[in-house]
Amino acid sequence: MKDFKKDWWKEAVVYQVYPRSFQDSNGDGIGDLPGITSRLDYLAELGIDAIWLSPVYCSPQDDGGYDISDYRSIDPMFGTMEDFEELVREGEKRGIGIVMDLVLNHTSDEHAWFKEAKKGKDNPYHDYYVWRDGKPDKAPNELRSNFSGSAWEYVPELGQYYLHLFSKKQPDLNWSNPKVRQELYDMIRFWMEKGVWGFRLDVIDQVGKEPDRMITENGPRLHEYLRELAANTFGGHGMITVGEAWGSNLENAPLYSNPDGSEFSMIFQFEHMVLDQKRQKWDPVPLELPKLKRCLAKWQTGLHGKGWNSLFWDNHDLPRIVSRFGNDGEFRVISAKMLALVLHGLEGTPYIFEGEELGMTNVQYELEDYRDIESLNMVKERSEQGYSMESIMESIRRVGRDNARTPMQWDNTPNAGFCSEDVTPWIRVNPNYTTINAKDQLSDENSIFHFYRKLIVLRKSYPVIREGSFRLLMEEDPDLFVYERLLGEQKLFVAANFHGTERSIEIPEGKVLIHNYEDVPNGVLRPYEALMVLIESGQE
Ligand code: TEU
Ligand code: CA
């Protein structure tokens with residue numbers, strides 16, 4: 001096992017790869033492990049420390065690999081175990097570690113455990129899953145799947161329903177069965193021995209569910225389970241661990257990311273990602289900036305010294321941030337840099353999702369070009385409920401997960417360098433690859449790519465960026481996001497204009513570390529303008 005420097009992940013920047021969409025190496029139109037290995041130099045140039053790899057295990061791909069049929073093997077679609085080991089080795093050479101995605105809440109219905117479980121109530125694997133007796137037309141209760149419809153699926157041969165909080169091909173594991181937990185711990189140790197640097201834990205806040213009480217997130221035994229999980233696996237090994245926890249809040253976050261290491265290094269919380277929606281994600285509303293500022297400020301101050309934040313705008317489930325909180329038209333480059341600057345000025349571990357560093361945008365496809373089960377199930381449900389096709393398509397285009405999953409745009413050749421020109425990629429390439437691609441940006445010092453690279457260098461260079469305390473300024477201002485970070489004699493001043501009109505502002509004297517227009521602003525922030533100023537004490 002690798003000997004990690006204590007809390008190394010507090011200084012790290014993580015890059016998320018969604019393998020299907022990153023780089024195809026063998027001409028089947030699907031990204032794969034050798035493809036990722038072939039792009040490690042690109043990631044090394046960006047300056048990241050670790051790759052969070054979305055699932056590459058054997059899977060029928062009902063939910064993009066988050067439906068695992070064998071936890072200990074690589075899906076042939078992505079390559080072989082040797083390809084995986086090669087990626088780990090080649091990453092290591094460049095100082096880049098691999099963070100595996102653990103999906104412990106559910107398996108695929110094609111997992112050997114579930115196939116056994118379905119055979120009968122006396123089967124030793126039956127109790128690995130969550131079953132309730134019932135009748136064909138009467139589910140145990142009203143619990144709903146995250147992917148539309150009931151969370152219960154009937155198996156006539158057993159006269160029972162099984163629980164699936166996601167697709168019906170993702171039956172939920174029964175964590176109250178100690179055998180299930182031990183199996184999972186064994187499996188995690190298997191990956192630790194392969195030399196990975198850490199884990200991202202999918203919907204981990206749901207494993208303590210109590211479906212009869214309609215409790216899915218933050219169940220009563222959750223933290224007992226998580227402490228047991230850490231103690232039996234990665235606990236005390238210095239790895240980076242990040243739990244996905246939509247149900248987290250400031251009350252429970254210090255438990256999840258307890259500095260004593262009893263659970264995880266940090267969690268992904270999503271409060272800042274649901275501010276621009278009504279009750280459901282499919283009904284987006286415009287963002288009110290003060291809400292975002294107050295939310296991020298709350299997490300910055302709330303976890304300072306008591307836990308650790310993850311910092312992110314994007315992942316494989318979210319629409320592209322430049323299309324969401326920025327401007328993907330006239331001000332695409334400027335606003336993508338502004339959003340990066342605001343996030344990378346905060347305390348926590350930043351995560352960059354593939355293509356974010358290029359300012360990749362949402363897509364506007366017709367229905368037949370979308371692939372994601374969440375979107376396709378929603379189309380079915382909402383058309384039955386009488387929504388117009390127009391409003392359904394608008395929802396998918398704005399918030400559908402495929403926005404994040406279109407192929408990585410490497411260059412301006414057909415298929416954007418993601419796969420060779422004569423094959424059809426599994427999902428269409430965003431037609432804007434001719435103007436938005438890595439090749440162009442690598443050779444342009446002023447590109448979004450190089451802006452992200454510089455932000456990473458700054459984080460590594462200035463302790464105030466990594467550790468400083470946070471203070472929100474101009475809290476009520478509807479256009480400007482302004483804050484300070486403080487550490488000893490050093491102060492960092494960050495200001496950003498989130499809108500397309502000029503705004504005057506007093507900028508303190510100091511050293512401008514980074515800014516997103518050609519010239520440094522002076523008393524006015526232009527559309528989407530942002531800067532970071534370092535003020536040494538005595539200078540004010
Ligand atoms: O996502 C958790 C989750 O709750 C998602 O359904 C989320 O609410 C939705 O995608 C937002 O649009 C995790 C994975 O990140 C996701 O890709 C998986 O589909 C899901 O778990 C099931 O494993
Ligand atoms: Ca391939």
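Counting starts at 1 for both ligands and their atoms, in listed order.
- Remark: W9 CH2 to S265 OG distance equals 4.5 Å, nearest 0.5 Å.
- Residue contacts with ligand 1: M273 is excluded, as none of its non-hydrogen atoms falls under 4.0 Å.
- Expressed to the nearest 10°, the angle at the Ca ion (ligand 2) joining O in I30 with OD2 in D32 is 100°.
- Using modelled atom types, one finds a donor on one side chain and an acceptor on the other under 3.5 Å when comparing T349 with W308.
- Remark: the Y129 side chain and the T107 side chain contain an N/O donor-acceptor pair separated by less than 3.5 Å.
- Ligand 1 has F147 within reach: a non-hydrogen atom of the residue lies less than 4.0 Å from it.
- When heavy-atom distances to ligand 1 are checked against a 4.0 Å cut-off, R200 comes that close only through its side chain, counted from C-beta outward.
- Heavy atoms of V203 found under 4.0 angstrom from ligand 1 belong exclusively to the side chain.
- Of all non-hydrogen atoms in Q409 and L358, the two that sit nearest each other are O-CD1, 3.5 Å.
- For a threshold of 3.5 Å applied to N or O pairs, the pair formed by H106 and ligand 1 contains at least one separation below that value.
- More than 12 heavy atoms of other residues, nucleotides or ligands lie within 6.0 Å of CD in E45, so this atom counts as buried by the packing criterion.
- With hydrogens and angles left out, the side-chain atoms of S323 and N403 include no donor and acceptor closer than 3.5 Å.
- Put simply, the angle at the Ca ion (ligand 2) from OD1 in D28 to OD1 in N26 is close to 80°, to the nearest 10°.
- Of all N/O/S atoms in D24, OD1 sits nearest the Ca ion (ligand 2).
- Only one option out of F312, F481, W246, W299 pairs with H272 in a ring-ring contact (aromatic ring centres under 6.0 Å, His included); it is F312.
- The single protein non-hydrogen atom nearest to atom 7 (C) of ligand 1 is W246 CZ2, 3.7 Å, given as residue, atom name and distance.
- Within the structure, the closest approach of Q206 to ligand 1 does not fall below 4.0 Å when heavy atoms are considered.
- Taking only nitrogen or oxygen atoms, main chain and side chain alike, E244 reaches within less than 3.5 Å of ligand 1.
- If you check each of V274, I68, D317 against atom 17 (O) of ligand 1, the one with the closest non-hydrogen atom is D317.
- The residues E271 and K298 are annotated as salt-bridged, a charged nitrogen and a carboxylate oxygen being separated by less than 4.0 angstrom.
- Contact annotation for H164 and ligand 1: no heavy atom of the residue comes within less than 4.0 Å of the ligand.
- Of the protein's non-hydrogen atoms, D63 OD2, 2.5 Å is the one closest to atom 19 (O) of ligand 1.
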Next on the checklist: Assess the residue pair E357 and Y15 against the criterion (side-chain hydrogen bond (donor to acceptor under 3.5 Å, both in side chains)); give the C-alpha distance rounded to whole Å, side-chain angles, the decisive distance to 0.1 Å, and a yes or no.
Outcome noted: CA-CA 10 Å; E357 78 281 15; Y15 186 93; 2.6 Å; yes

